[in-house]
Amino acid sequence: MARGASACTAARDGARHCFCAELAICNCLHIRLSKTIVINGFRYGVIFMLPSRLRLAAALLVPAAALLLSSGYWWSQSLAHQKLLDTARQAAEHRAIQLASAVAQQTDTLLQMVDVTLQTLGNEYVDEEFSGFLRSVSYARASFPAVAEMQVSINNAQGQMVYSSVGLNHTISVADREYFRFHQRTARSGLFVGEPLLARTTGTWLIPISRPMFDKRGFAGVITIGIAPAYLLQRWHELQLLPRDVVYVIRRDGSYLARSLSLSQAMTEREPDEVPHPGRSGRRQGLLERDSDFDAVHRLIGWQKLGTGDMAAAVGLDLDAVMSPVESYITQSRLRSVAINILLLLICVLITWLIMRLQRHRAMLQAIYDVLPVGVVVTDPQGHIVDCNQMSEQLLGLERKVQLSSDLSRFEGRLYHADGSRMSAAELPGMRALLGGELVHHEEVGFIHPAQKAMCWLSISAIPCSDAGYGVVIAFIDITHSRNHRQAVEHIAFHDALTGLPNRRLLSDRLNQALSRTARQPGRLVVCFLDLDGFKPVNDKHGHDAGDALLMEIAKRLQKVVRTGDTVARLGGDEFVVVLNGLGSAQEMDDVLERIAAAVATPVELGASQTAQVTASIGVAMHPEDGDDADTLLRYADQAMYRAKQSGQCICHFRREGRESVVW
Ligand SMILES: Nc1nc2c(ncn2[C@@H]2O[C@H](COP(=O)(O)OP(=O)(O)OP(=O)(O)O)[C@@H](O)[C@H]2O)c(=O)[nH]1
């Protein structure tokens, strides 16, 4: 715009001013176009070529794709989360069974050790000295830690206590105890692990592990080792369980031998038969999931039968504690996903908004592009036309598809410079901007319109835009009318309206040009000042129009009698000036002056068989003798003419004082 404005300021006359204002618009368009290309960054952006409904659909594709991606992401996330939960649960199941197997094995080992001790002590009690038996009991008790509260007792066939490692009391009978009745009624029974009971000797909870004794008469009583349940609990400490995980050993009838949590409650209660519990199952190993009756904790219970088959070791893992790290990870992951999705959504909304805004912007620019009375052509870096607007089709007389398959060299042979000389395609402003990086503003180029088959004049501006990946943007307007108008105005300003001859201003220019040429040309420059004699009577007698006709006829005659390079001008009224160039001799000059005088003196037909005759008084001044500038020569020629008219001579040469003659 600034460039356009400065161009306008530079223009000096009114006609040029209007013309430059038009070009300022053209220049402004250049800037906008180049910005559009850079900002949008879309080369032939297909999306912007679509109809508005399709453009909206295309813009909505972004959120639709985002929604699809988001759904896919959520789906894959939920699958991954489910897999995590499954894996965590499988790991918990595996661990519960493993731990249960370890506890079962540990308990089996303990029972085997107790069984061996029972058999040894039983045999020694029956077969050997009592003192040897007592030593063995001491030895056996020493092999258990204090927490086991290990005690040995022997009851005879009637259940009466006959020995106790913690104090003998003959009044104590175990005939009602489960383990005694089992051995009493089951011939040749083996090891028996009874329901924990409160020992009658110590008043503490003990697990009675017993074996029958036999003599020659048969059943001789029962030897029992009592182990405190706390001993089993101590051995389970190394299992590294969580606070609400539980370990227990349970019998087939649902009674607990030991339980790591709620022990005292477990000692007095048993699982009812209708509730699934590890002791009940016929299988050797398994899993259960249930809420505990003791503390209502939801647990996954892995269990394993002991070797005897009538007891099971179980490990219950707190499911909430096992799954909570995974669930917390999943919750965090979902929160992250929600945040990412919201961010994605916002980005999509922003992108969609930007696309739609760009579409509107582009549509508006496209409308301007097409509605402006300015032709626009865009080329690639090789000069191939890649875009053009509707006005360019009209101004260049080429359809869009034709232009898009052409390059700038297509216009070769149709171009002209402002002075009318031929212009090659390489000199075209667009080509210069493309090849030389030159900014061209408002250059007049003549163009032979292919459809109109006539010369039209274009004002072309070109701006290189390689930064945007293009070659050049060329904008042009039709200035044929304004150029013709300007030339007409110029003609009026420099020519006489009646005769078409140069006026005083143009005469002055021509005379100055001729003077500047005299140094390079041989011969003299002669200025002839003519004033008609007897012209007024023609006007008076025949009328003003007849006078005009006579003036025009004389103007024609004067042009005919001089050479092409000479100038014939009318200063006004009946005054003419003839500038003769390169006269080589006085004779030559006299010949021309005579021809001039004769041309004027020849009668002029004024129509209706009327004629008029005038003569001319001619004053002559010469360069370099009479002066070196136009004003001086004209003044002296005028003075000479005045003398001629006064003296009645036809021709009078200016004679400066002291100069007698001109030496040729
Ligand atoms: N028809 C016509 N007459 C003009 C034009 N311009 C000036 N005149 C007239 O030309 C006449 C010139 O007057 P003069 O110079 O006295 O004419 P003249 O009869 O030749 O007398 P001298 O020049 O003194 O010898 C005037 O009557 C003007 O009105 C013109 O464009 N057309």
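Hydrogens, waters and symmetry mates play no part in the numbers below; they use all other heavy atoms, side chains included. Quick caveat: nothing in here was measured; it's all calculated off a predicted structure. All ligand and atom numbering here is 1-based and tracks the order in the structure.
- In N539, the part holding a heavy atom less than 4.0 Å from any atom of ligand 1 is the side chain.
- The protein heavy atom nearest to atom 5 (C) of ligand 1 is R570 NH2, 3.8 Å.
- Between R570 and E575, no side-chain nitrogen of the basic residue sits less than 4.0 Å from a carboxylate oxygen of the acidic one, so the salt-bridge criterion is not met.
- Distances between N or O atoms of P537 and those of ligand 1 include no value under 3.5 Å.
- For atom 25 (O) of ligand 1, the nearest non-hydrogen atom of the protein is K645 NZ, 2.8 Å.
- Atom numbering of ligand 1 starts at 1 in the shown order; those under 4.0 Å from a heavy atom of G534 are 18 (P), 19 (O), 20 (O).
- Listed by chain and number, the residues in a ring-ring contact (aromatic ring centres under 6.0 Å, His included) with H491 are H495 (sequence neighbours excluded).
- Counting only heavy atoms of the protein, atom 14 (P) of ligand 1 lies nearest to D574 OD2, 4.0 Å.
- Residue contact check: F535 has heavy atoms under 4.0 Å from atoms 1 (N), 2 (C), 3 (N), 4 (C), 8 (N), 9 (C), 10 (O), 11 (C), 18 (P), 19 (O), 20 (O) of ligand 1.
- Minimum interatomic distance between N389 and D370 (heavy atoms only, all atoms of both residues): CB-OD1, 3.5 Å.
- Of all protein heavy atoms, the one lying nearest to atom 20 (O) of ligand 1 is L532 O, 2.8 Å.
- At a 4.0 Å heavy-atom cut-off, ligand 1 does not touch L550 at all.
- Closest protein heavy atom to atom 6 (N) of ligand 1: G573 CA, 3.2 Å.
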Which atom pairs, one a donor and one an acceptor, fall under 3.5 Å between side chains of residues 540-552 and the rest of the protein, sequence neighbours left out?
unit_1 : atom_1 : unit_2 : atom_2 : d
D540   : OD2    : K536   : NZ     : 3.3

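- Taking the side chain as every heavy atom from C-beta outward, V538 and V604 never approach each other to under 4.5 Å.
- A donor and an acceptor atom, one from each side chain of D509 and Q513, are nowhere located under 3.5 Å apart.
- Of the N and O atoms on the side chains of E412 and S409, not one donor lies less than 3.5 Å from an acceptor on the other residue.
- Between the side chains of D533 and S617, at least one donor N or O sits under 3.5 Å from an acceptor N or O.
- Considering backbone and side-chain N/O atoms, L551 never comes within less than 3.5 Å of an N/O atom of ligand 1.
- If you number the atoms of ligand 1 from 1 as listed, the ones under 4.0 Å from a heavy atom of G547 come out as 1 (N).
- When non-hydrogen atoms are compared, ligand 1 lies under 4.0 Å from neither the backbone nor the side chain of M552.
- Interface of D548 with ligand 1, defined as ligand atoms under 4.0 Å from a residue heavy atom, comprises 1 (N), 2 (C), 30 (C), 31 (O), 32 (N).
- With ligand atoms numbered from 1 in the order given, ligand 1 contributes 23 (O) to contacts under 4.0 Å with heavy atoms of D531.
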**Report entry** Worked check of side-chain contact (heavy atoms from CB on, under 4.5 Å) between Q403 and L396
**Finding:** CA-CA 9 Å; Q403 289 193 50; L396 299 179; 3.9 Å; yes
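- For the pair L498 and ligand 1, the shortest N or O to N or O distance does not fall below 3.5 Å.
- No side-chain heavy atom of D387 sits less than 4.5 Å from a side-chain heavy atom of V376.
- Here the closest heavy-atom approach between residue L395 and residue G375 is recorded as CD1-N, 3.8 Å.
- Within the 4.0 Å heavy-atom criterion, both parts of D533, backbone and side chain, lie near ligand 1.
- The closest heavy-atom contact to atom 17 (O) of ligand 1, among the options K536, H544, H542, comes from K536.
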